[in-house]
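In what follows, a single structure is set out as structure tokens and then discussed.
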Amino acid sequence: MPIHRPPLPKLKDHRHRHSLSSLAEAADPQALVDALLLVLADRRDAEFVARCIVGEGPAHHRAASWALLVVAAEIAERLGCKPGPKTQAPDTVSVALRLPPGAARDDDTFPLAMPLAPLRAIVEPSRHVEALADALVDGPAHHALANAALVALFARILEKLDARLPNEAEPP
Amino acid sequence: MELKVVLPTILILAIGWQALLPRLRLVGVVAAAAAACAASSLMGGASTRDILAAVPWDVLVILVALGALSSVLAEARVFERIAVGVARASRGDPRRFYIVVSVSMFIVSGLVNNLTALLLVLPVVLVILRLITPDQRYTTWTLGLMLVSCNLGGAATPIGDFPAILLLGAGRMDFVSYLSQASISTAIALGLLVVFVRFAVQPAGRLPRDELTRRITLRVAETMHRGVRLNRRLAIPTFLIAAGMMTAWVFVPPSTGVSADLVAWLGAALALVIAGTAGERVVRSSVDTESVLFLLALFIMVGAVRTTGLFELAGQALVSLPVRPSVRLVLFLVTAAVLTGVFSAGPSMAALLEVAGVLARDLEPDAVYVGLALAVCAGSSLFLTAATSGPLAQAMVERADLRDAGGSRLHFGFREFLPVGLAAFATILTVGVVQALIRIA
Amino acid sequence: MTAELPLGLALSFTVATAEIGMFSAARLFVEEIALTGGRSAVEAARDVLGRRYAVFDAIASQWLSRGRIPLPDPAEVACELADSSRVLIVGAESDALDRLVPMLPDQPIALVSGAGGPEADLHRVAANYPDRIEVVSLGKWTAWAGSKSALLTFVYGADDHVANVSPAYLRLVGPDVRASFRTLLGWNLLGARPRLHPLHLAETNVSDFSVLVAHGDVDWN
């Protein structure tokens with residue numbers, strides 16, 4: 001017997017056109033791991049961060065974060081960025097594991113730290129940079145990690161652009 | 001109202017309270033001890049300072065020291081090794097298991113604090129029982145016999161349990177005299193009981209003879225402890241120290257100033273220092289504060305009553321009974337056993353030792369004191385509630401959720417223990433009375 | 001011929017599973033049943049115990065088809081955990097732990113207690129690994145979390161989507177816990193999912209693990 005399904009209401013916006021499972025299907029974790037390997041040296045660290053970004057939180061966050069990060073990685077790669085970054089720059093802020101305050105340890109932060117260079121490029125005083133950084137690494141782990149990873153990819157993109165622009169600049 | 005009425009009333013009320021409300025026994029006796037001190041001080045009796053000065057601190061020191069030594073042995077995994085030994089010696093056979101358990105617990109309880117031993121060996125015994133899937137009869141007699149064996153072991157040596165420690169600490173008997181008499185009597189009592197249970201009760205009679213269950217029981221018990229190793233760094237020095245303490249108790253006369261409590265204190269302190277961090281852990285968390293406070297409160301109340309001369313009067317009344325000395329002794333021992341059954345060993349021994357002192361003036365002291373220790377042991381074994389280990393074992397058995405092969409829940413409470421208690425009471429008391437009568441004959 | 005089995009066998013097995021783990025207990029029972037009663041006894045035990053304990057059914061089936069039950073091989077698990085700073089374990093499988101613990105000489109290891117389900121005195125279990133394994137209560141998991149920490153549990157059969165785990169594991173693994181351990185390792189002791197539904201186990205998504213290490217496979221014939 002065919003199953004009767006009531007027709008979906010016609011919506012003016014794009015929501016509900018696609019099921020959550022198709023979102024999950026589109027967000028291939030492996031692609032995200034590859035993207036993160038542009039900013040993380042260790043594959044297992046990249047897998048851990050990827051799992052936290054596309055394995056936790058609301059479905060639309062997972063898919064949106066995945067899309068933004070993979071696009072950013074695509075841009076970075078097209079600009080010539082290669083996987084396996086060197087040790088992370090000193091000018092970074094760490095993303096803390098979401099643990100209650102307790103005994104301080106050396107591994108209570110995620111392996112991904114957020115570089116501050118992209119923020120310094122857009123705001124001037126240091127306290128504004130710190131305020132923006134605070135906002136970016138705040139919130140649930142999946143949220144903070146997606147932000148940090150995106151900023152880290154932007155950092156690599158900016159580095160590449162900075163290195164290329166003087167050579168490619170055409171005479172006025 | 002006179003102090004001669006007020007102080008014994010407080011003592012009797014406290015003893016009744018702890019028997020009827022075991023969950024509140026500590027607050028009851030501690031409050032009653034404070035009331036006894038207040039009454040004595042305010043009504044013209046002994047001051048609190050005098051009552052506290054008369055507390056047998058030496059007994060408490062021995063109790064704490066031996067408890068600490070037992071805890072160091074527990075840290076060294078001695079009791080787990082004993083549990084494995086019990087499983088192996090029984091070969092997983094229910095017909096051997098209850099006998100091996102009772103004999104092992106008798107020996108262990110004679111050497112270390114029987115509560116510590118029970119706390120660490122009983123969980124393994126319960127796992128083995130659950131693997132055997134016994135019936136109610138087997139459960140009752142195995143666990144009952146185990147508890148009675150703990151009581152007998154405690155009475156077998158001067159360091160096994162509180163009543164014997166009290167005799168040693170108070171200087172009523174020396175180490176060797178007590179050991180030579182009590183160990184034989186208690187061993188005879190255990191032997192008689194085991195023979196009675198084996199041939200008259202036959203607790204395993206209805207359990208099927210089953211090779212598979214026997215093999216599985218043994219193998220699971222061994223697997224559970226496959227990697228448990230005796231911590232020799234802790235165990236060897238502690239055993240050597242314990243042996244040294246016993247040698248000192250046997251050979252060093254009290255006239256040298258090296259008393260039994262000093263030997264215990266020095267020995268325990270040395271063992272704790274050698275144990276290092278484990279020793280510190282024992283001192284901080286394993287000292288049996290409950291027992292110490294309970295006995296201290298009882299000593300204070302008994303001490304306050306003693307100042308009124310009431311125990312002397314009771315003793316004199318017993319001595320002046322128009323019967324032969326042997327009948328007087330039997331009467332005293334039977335009364336002591338029944339009182340212990342009702343009020344438990346601590347209060348009975350603390351109060352009756354005062355009366356025993358009067359009896360011992362006319363009769364052979366060793367006969368009176370060893371007889372009293374056995375009578376108290378018989379009373380401790382009468383009801384499940386008469387010794388501290390009883391309610392503890394009951395709680396552990398309930399938690400273990402024992403079931404028979406059909407899945408019905410098995411119990412071990414006051415009612416189930418009673419037949420074991422009556423058999424043990426009659427056997428131990430008879431042995432105690434007979435040995436006392438032989439001694440004074 | 002139908003072999004006679006003790007009436008209390010199922011209860012004994014329940015006790016053993018709490019003490020040494022479901023896989024290890026099943027292996028021990030099958031070996032002893034085979035020794036005392038042979039193949040027919042194992043078949044009878046599979047019928048009696050297997051309905052309630054799918055893991056026993058799987059192990060008995062394995063013995064019946066292959067005549068042996070291979071012990072868990074810890075090599076791959078040890079390799080996955082080699083650079084972990086600490087390892088938190090849910091479940092106590094003696095056969096597996098006995099082989100894994102010596103291969104992780106440098107990592108602190110703990111067993112989680114109080115997560116529910118049949119659980120022996122874990123201090124007694126840990127005493128088999130002197131100075132190597134400690135016991136932590138469920139609420140203390142944060143002390144074991146970290147960017148190099150690993151959370152390990154035993155899996156009793158898995159397919160491409162679903163894995164059978166102890167319900168205790170699900171008590172612990174919430175979204176916050178998942179994001180606080182770099183490695184979420186499932187050690188599959190059975191291989192394929194049991195042919196009977198495991199009444200005493202819970203199902204979880206295979207994708208919830210960061211690594212699922214397989215151990216052999218069971219032949220159901």
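Source: prediction; values computed, not measured. The chains referred to below are lettered A, B, ... by the order of the sequence lines, with proteins before strands, and numbering in each begins at 1.
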- Query: What distance do C:H123 atom NE2 and B:E80 atom CD have between them, rounded to the nearest 0.5 Å?
  - Reply: 12.0 Å
- Query: Can you find a pair of side-chain heavy atoms, one from B:I216 and one from C:L9, that are under 4.5 Å apart?
  - Reply: yes
- Against chain B, residues from residues 127-137 of chain C with at least one heavy atom under 4.5 Å, in numeric order, are C:A127, C:N128, C:Y129, C:P130
- Message: Return the CZ to CG distance between C:F29 and B:L212, rounded to the nearest 0.5 Å.
- Response: 7.5 Å
- For B:H225, what residues pass the ring-ring contact (aromatic ring centres under 6.0 Å, His included) criterion, not counting sequence neighbours? none
- Message: Looking only at heavy atoms and a cut-off of under 4.5 Å, which of B:V124, B:L131, B:I132, B:V220 has the most pairs with chain C?
- Response: B:L131
- Note on the structure: Quick note, side chain to side chain donor-acceptor pair (under 3.5 Å) partners involving residues 395-407 of chain B, not counting sequence neighbours, are B:D401-B:R403, B:D401-B:R409
- Item | For chain C, the option from B:R215, B:R130, B:M224, B:R226 that forms the most heavy-atom pairs under 4.5 Å | B:R226
- Within a strict 4.5 Å, meaning less than it, do heavy atoms of the B:T217 and C:S12 side chains meet? no
- Query: Could you state the interatomic distance from CD (B:E211) to OG1 (C:T36), rounded to the nearest 0.5 Å?
  - Reply: 7.0 Å
- Any chance you could measure B:E222, atom CD, to C:I20, atom CD1, to the nearest 0.5 Å? 11.5 Å
- Task: Count the heavy atoms of every other residue, nucleotide or ligand shown that sit under 6.0 Å from CZ of B:R206, and state whether that count exceeds 12.
- Result: no
- Tabulate, in ascending numerical order, the residues of residues 87-101 of chain C having at least one heavy atom closer than 4.5 Å to a heavy atom of chain B, or enter 'none'. C:S94, C:D98
